[in-house]
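Before any comments, here is the structure.
We count residues from 1, following the sequence as given.
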Amino acid sequence: MATGGGAVGPKAFDPNKIYDVSAEELRAIQERAKMRAALKAEFQKKVSNPYRGVGGYVFDPAIQRFLSMRANHWEQFKPTPRNAAFAFFSTLVPILFFWWRFEKDRVTLDQKCRRGEIAYKDREWKFI
């Protein structure tokens, strides 16, 4: 049980009690906090405006940059040996490994069936 009778919860960040930053760093922190608060207020005002127009969304430059990057990704792509190695090891190597494994299993099963080591009634795939 908590002692002291005060409210239990996370302590709030108090930039005035930061002792390991200089005065100008503290001023920069406070400026950034003011800018964040102003941007949040502006965004909230735009989002909650019932007369915001036909589009129905708020233009966000960061989202626009992200969508533009996704649309133009292949125009900016530069092939490198590392890209080629990644493509080779993530596509061709697994395909070749599994082909080799299944082919080996198929050949050994066929050889066992032809030699008579597996009876017809004990075969899992009777129609192959």
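Residue pairs meeting the salt bridge (charged side-chain N to carboxylate O under 4.0 Å, His left out) criterion with at least one member in residues 104-117, sequence neighbours excluded, are Arg101-Asp105, Glu103-Arg106, Asp110-Arg114, Arg115-Glu117. Applying the salt bridge (charged side-chain N to carboxylate O under 4.0 Å, His left out) test to pairs two or more places apart or on separate chains, none has a residue in residues 67-86.
Phe89 and Phe86 are members of different hydrophobic clusters when ILVMFWY side chains are connected at heavy-atom separations under 4.5 Å. Residues Trp99 and Phe102 are members of one and the same hydrophobic cluster, defined by side-chain heavy-atom contacts under 4.5 angstrom among Ile, Leu, Val, Met, Phe, Trp and Tyr. The hydrophobic clustering, which links ILVMFWY residues whose side-chain heavy atoms are closer than 4.5 Å, places Phe98 and Ile95 apart.
Here the CZ atom belonging to Arg123 is positioned 8.0 Å from the CG atom belonging to Leu109, to the nearest 0.5 angstrom. Expressed to the nearest 0.5 Å, how far CG of Leu26 lies from CD of Gln30 amounts to 4.5 Å.
Remark: Ala38 pairs with no residue by the side chain to side chain contact (heavy atoms under 4.5 Å, CB included) rule, at least two apart or across chains. Residues forming a side chain to side chain contact (heavy atoms under 4.5 Å, CB included) with Pro61 (at least two apart in sequence, or on another chain): Phe59, Arg65. Annotation: side chain to side chain contact (heavy atoms under 4.5 Å, CB included) contacts of Phe97 (sequence neighbours excluded): Trp100.
In this structure the side chain of Lys46 never reaches within 4.5 angstrom of the side chain of Asn49, judged on heavy atoms. Side-chain contact between Arg27 and Glu24: present, with at least one pair of heavy atoms (C-beta onward) separated by less than 4.5 Å.
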Subject >> Arg32 vs Ile29, side chain to side chain contact (heavy atoms under 4.5 Å, CB included): CA-CA, chis, key distance, verdict >> reply: CA-CA 5 Å; Arg32 286 193 293 268; Ile29 290 171; 3.6 Å; yes
**OP:** Please test Gln111 against Val107 for side chain to side chain contact (heavy atoms under 4.5 Å, CB included), starting from the C-alpha separation and ending with a verdict.
**Re:** CA-CA 6 Å; Gln111 288 174 350; Val107 167; 3.7 Å; yes
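Taking Ile, Leu, Val, Met, Phe, Trp and Tyr as hydrophobic and joining them when side-chain heavy atoms fall under 4.5 Å apart, one finds Trp74 in a cluster with Phe77.
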